[in-house]
Structure formats: C-alpha cells, structure tokens
Amino acid sequence: MQDGVAGPGDAPGDVPAATVAGTAEVPPRTGRTTDQLDELLLGGPRTLTARDLARIAHVDLEMVRTFWRTLGLPSHGDDEVMFTEADARALSMAASLVAEHGLDLRTVVTVIRSLGHTSDRLALWQVEALVEDMSTRYELDDTSARLLVLDRLRDLAPVLEQQLLHSYRRQLAAVADRYAAEFGDARGRAADAGALPLARAVGFADMVSFTRRTAGLGSTDLSSFVQRFETAARDVVVGAGGRVVKTIGDAVLFIADTPGAGAAVAVGLADAFGDSLDVAAARGTGGLAEGARGVTPVRVGLVWGRVLSRFGDVFGPSVNLAARLTDVAEPSTVLVDAATAQVLGGDPRFRLAEQPVRDLPGLGPTASFRLSRAD
C-alpha cells in the first residue's frame with residue numbers, strides 16, 4: 001500500500017519513542033490492541049461454537065469443520081467459543097451455493113479453498129510489506145516494526161479491505177469480458193471433447209544463475225532483489241497484453257490469449273532483463289547477470305497450444321514443453337517449438353531462426369526456433 005494510504009498518526013513523529021531506535025526496548029504489549037483489532041476484523045466478538053454455527057446455518061457439524069478446514073484456518077474443538085456472527089453468515093452463504101444455486105458440494109469446496117489459499121497469501125504479503133515499510137522509514141529492528149504494524153492495522157485494515165474488494169470486482173469483470181469476447185459467438189459449435197478447453201500462449205521466464213546471485217544476501221537485499229524482478233516482470237507481461245499466472249521465486253509463468261500477444265510478452269521479457277548486456281563478456285568475468293544496468297538475464301520458452309485452467313494455474317503438454325524450452329534457451333533469448341513458429345511465421349513483428357534439434361527431458365528430440373523482434 002502506498003505511503004499516502006496510511007492511517008492516522010502515521011507521521012514519523014508519532015512513532016512511540018521506545019520503538020524509534022532499532023535496538024530500543026519496546027513496551028510490553030497488553031491485550032487491548034489485539035482484542036480491538038480482533039473485533040474490528042471479525043465483525044464482532046467471538047461468542048459462538050462450531051455447534052452454534054451448524055445450528056444457525058442449518059448444516060451438519062461436518063460441514064462446519066469442512067468449511068473451516070478448507071479456508072486453511074486452525075481447527076478448534078466443537079464446543080470451543082471461537083466464532084462470530086460474521087462467521088455464521090459466511091457459512092450460511094456458502095451453504096446456500098448448494099441449497100439455492102444448485103452447485104455441487106465439491107465445487108463449493110473448491111471455491112472456498114481458492115479464497116482461503118489466496119487470502120492467506122495476500123494477508124501475509126501485505127503485512128510483510130508493511131513491516132518492511134515501517135522498518136525502513138523508522139529505522140526499526142524487525143520485532144519493533146512488527147509490533148508497530150500491529151498498532152497500525154486498526155487504521156489500515158479498512159483501507160486494505162476496500163482495495164481488495166475493488167480489485168476482485170475488477171478482476172472478475174475482466175474475466176467476464178475475456179469470456180464474452182472469446183466464447184460469445186461460440187454457442188452451438190461442436191467442440192472436440194478430447195481437446196483441452198483453452199487455446200493459449202503459455203511461457204516461462206527463468207532467471208539465470210539465481211542461486212549464485214542471491215547467495216549471501218541478507219533478508220532485506222534478497223527481498224528487494226526478488227521484488228524488483230517480480231514487479232518488472234509483471235509490468236512487462238501486462239503491458240504486452242498477457243497475464244501472470246504465478247511467480248516462483250526466480251521464474252514467472254505467463255499466458256496470453258493470442259500467439260502474437262504471447263510472443264510480444266516473451267521478447268519483452270528477454271529484452272527487459274537482458275538488453276544492453278554483453279553476455280559473453282559477463283560470463284568471462286564470472287558475473288553472468290551483471291551488466292552496465294545491473295540487469296538479470298532470463299531464459300524464455302513460449303508455446304502456443306491448448307491448456308486446462310484450474311486452481312488459478314494452467315496445465316497441459318504446452319506448459320511442460322514451454323518449461324523444457326526455457327531450460328535450454330540462451331540467456332536473454334526466447335525459444336519456441338516448431339508448431340508455434342509456424343503460427344508466428346506470418347507475423348511481421350517477429351523473426352524466427354531455426355536452432356539445432358535438442359533432446360528435451362521427457363520429450364525426446366525437439367525442434368526449436370529462436371524468436372526475436374523483426375527490427
């Protein structure tokens with residue numbers, strides 16, 4: 001969250017004196033802050049047990065346990081007072097997806113699991129970002145910064161919640177727009193029952209020598225390094241018309257709806273993380289990822305094919321092939337397979353150069369082409 005979105009009392013002068021110095025002792029905590037924050041975030045006090053939830057939502061006790069477990073939250077005894085009226089409402093709404101909307105219970109479990117998985121990661125991501133901000137701005141040690149974040153969450157949480165709701169609605173609308181554009185006129189068409197449902201460009205960009213580059217980095221430097229890579233990669237992917245599926249530390253998996261958009265993303269990533277880098281010279285000095293701009297080269301593999309989209313991820317032979325091509329690509333270059341090269345062959349924006357056949361693990365001898373901009 002940007003600095004301008006901080007809550008009241010966010011000026012440096014308002015930081016408790018005992019927490020300003022990084023080594024200063026932090027006053028003992030009382031239960032007041034956490035109790036108030038608990039009621040704010042949970043919508044009220046914890047007054048209900050799991051049995052109460054089952055009674056209020058008109059479901060059996062196993063449904064309560066499944067709901068809570070699927071959210072990824074710690075389980076409690078059935079008679080322990082741990083839940084709120086908001087928990088009861090949420091459970092009732094989840095049950096209505098089956099009773100009123102006719103969804104299969106397994107589908108509801110998948111939907112709830114997606115919320116638990118995503119919100120767990122989101123909450124941790126945001127809180128850690130706030131810790132880093134407080135630590136840097138106020139020159140605090142890690143413990144003091146975390147305690148200060150705990151103090152500030154009461155003011156920041158409502159803003160973060162509204163940003164989450166806005167972002168989710170915009171993302172859901174974007175999915176609806178893409179589906180309408182791609183499938184709006186497809187009613188009545190016969191589909192190949194054996195084919196994976198979505199035609200997509202799928203690609204990986206894998207950072208070169210990540211382990212060597214990050215060896216010995218402290219937590220702050222490592223965090224900054226990974227954050228710079230992820231931020232820059234996302235900007236390139238989105239700017240070229242693609243979408244990030246996930247980042248895996250030193251790699252990013254992306255998709256695009258057309259071969260051209262996928263190719264633009266791929267060469268954009270190779271350029272952004274390798275432009276103006278003399279790879280041969282850097283390799284000779286042992287600093288492969290060091291250049292005049294301090295860039296980190298990536299290897300990129302791209303395949304146009306059909307995929308299955310589930311659990312916020314994509315699966316299929318195309319994904320595996322793109323990963324294998326990434327493994328054998330040279331730094332700051334893009335490799336595509338023969339079928340993708342044929343699809344892109346008529347696009348004047350790109351140039352293709354055939355490469356020697358490579359024996360890819362699990363795939364055998366595979367023809368590949370180097371993809372670059374035509375200009």
Side-chain angles (χ1 to χ4, degrees), residues 42-43 48-80 82-125 164-165 167-180 182-184 186-200 202 243-248 253 255 257 305-320 323:
L42 301 184
L48 304 174
T49 67
R51 296 185 190 279
D52 295 329
L53 290 190
R55 174 180 51 81
I56 294 171
H58 305 291
V59 299
D60 58 37
L61 200 53
E62 183 57 34
M63 176 65 176
V64 177
R65 299 183 189 120
T66 299
F67 177 76
W68 208 248
R69 184 173 61 249
T70 302
L71 277 177
L73 295 168
S75 59
H76 304 280
D78 295 338
D79 297 308
E80 188 174 354
M82 287 298 301
F83 305 102
T84 68
E85 295 290 343
D87 292 324
R89 289 193 296 272
L91 177 60
S92 297
M93 294 180 69
S96 75
L97 293 174
V98 176
E100 298 178 21
H101 298 275
L103 296 184
D104 184 83
L105 180 59
R106 289 177 299 177
T107 301
V108 174
V109 169
T110 297
V111 170
I112 300 302
R113 180 172 288 116
S114 72
L115 292 172
H117 175 78
T118 304
S119 56
D120 173 34
R121 185 166 186 257
L122 176 64
L124 183 60
W125 187 343
L164 169 60
L165 181 60
S167 175
Y168 175 75
R169 288 177 171 175
R170 293 297 302 186
Q171 293 291 352
L172 200 58
V175 171
D177 288 344
R178 291 197 299 269
Y179 276 22
E182 186 172 1
F183 305 111
R187 288 186 175 87
R189 293 182 187 175
D192 184 354
L196 295 178
L198 300 175
R200 294 288 186 268
V202 57
R243 298 184 298 282
V244 172
V245 176
K246 61 183 177 181
T247 55
I248 319 161
L253 169 61
I255 59 172
D257 295 335
R306 304 195 74 85
V307 301
L308 174 69
S309 177
R310 290 291 187 275
F311 319 117
D313 207 340
V314 289
F315 306 90
S318 297
V319 182
N320 298 332

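Along the sequence shown, residues are numbered consecutively beginning with 1. Note that the structure is predicted; figures quoted are calculated from it, not measured.
- The shortest distance between side-chain heavy atoms of Thr49 and His76 does not fall below 4.5 Å.
- Of all heavy-atom pairs spanning Gly312 and Val245, the tightest one is O-CG1, 3.5 Å.
- Atom-to-atom distance recorded for Met63:CE and His58:NE2 is 13.5 Å, nearest 0.5 angstrom.
- Between Asp257 and Arg243 the shortest side-chain heavy-atom distance falls below 4.5 Å.
- Summarising the geometry of Ser309 relative to Leu198, their closest heavy-atom pair is CB-CD1, 3.8 Å, with the distance given to 0.1 Å.
- In this structure, Thr84 and Leu42 approach most closely via the heavy-atom pair OG1-O, 3.3 Å.
- Remark: Asp52 engages Arg55 in a salt bridge (charged side-chain N to carboxylate O under 4.0 Å, His left out) (not counting sequence neighbours).
- Under the 4.5 Å side-chain criterion, counting only non-hydrogen atoms from C-beta, Leu253 is in contact with Asp313.
- Taken to the nearest 0.5 Å, the CG atom of Leu122 stands 11.5 Å off from the CG atom of Leu115.
- Using a 4.5 Å heavy-atom threshold, the side chains of Thr110 and Arg310 count as separate.
- With hydrogens and angles disregarded, no donor-acceptor distance shorter than 3.5 Å links the side chain of Ser167 to the backbone of Leu164.
- Residues Ile112 and Ala94 share a closest heavy-atom pair of CD1-CB, 4.3 Å.
- Taking CZ of Arg200 as the start and CG of Leu308 as the end, the distance is 11.5 Å to the nearest 0.5 Å.
- Here the shortest heavy-atom pairing between Met82 and Asp87 reads O-OD2, 4.4 Å.
- Atom NE2 of residue His117 and atom OG1 of residue Thr70 lie 14.0 Å apart, to the nearest 0.5 angstrom.
- For Asp79, the salt bridge (charged side-chain N to carboxylate O under 4.0 Å, His left out) partners two or more places apart in sequence, or in a different chain, are Arg51.
- To the nearest 0.5 Å, atom CZ of residue Phe83 and atom CG of residue Leu73 are 9.0 Å apart.
- Remark: Arg178 CZ is packed, more than 12 non-hydrogen atoms of other residues, nucleotides or ligands lying under 6.0 Å away.
- Around OH of Tyr168, the count of heavy atoms belonging to other residues, nucleotides or ligands within 6.0 Å does not exceed 12.
- Of the inter-residue distances, the one linking Phe67 atom CZ with Leu53 atom CG reads 9.0 Å to the nearest 0.5 angstrom.
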For a side-chain contact (heavy atoms from CB on, under 4.5 Å) check, start with the C-alpha distance between Val307 and Ile255, then their side-chain angles and the critical distance, and finish with the verdict. CA-CA 10 Å; Val307 301; Ile255 59 172; 5.8 Å; no
Check step by step if side-chain contact (heavy atoms from CB on, under 4.5 Å) holds for Ile56 and Leu48. CA-CA 10 Å; Ile56 294 171; Leu48 304 174; 3.9 Å; yes
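- Within the structure, salt bridge (Lys or Arg N to Asp or Glu O under 4.0 Å) contacts touching residues 96-114 (residues at least two apart or in different chains) are Asp104-Arg106.
- In plain terms, the two heavy atoms of Leu196 and Gly316 that are nearest each other are CD1-CA, 3.9 Å.
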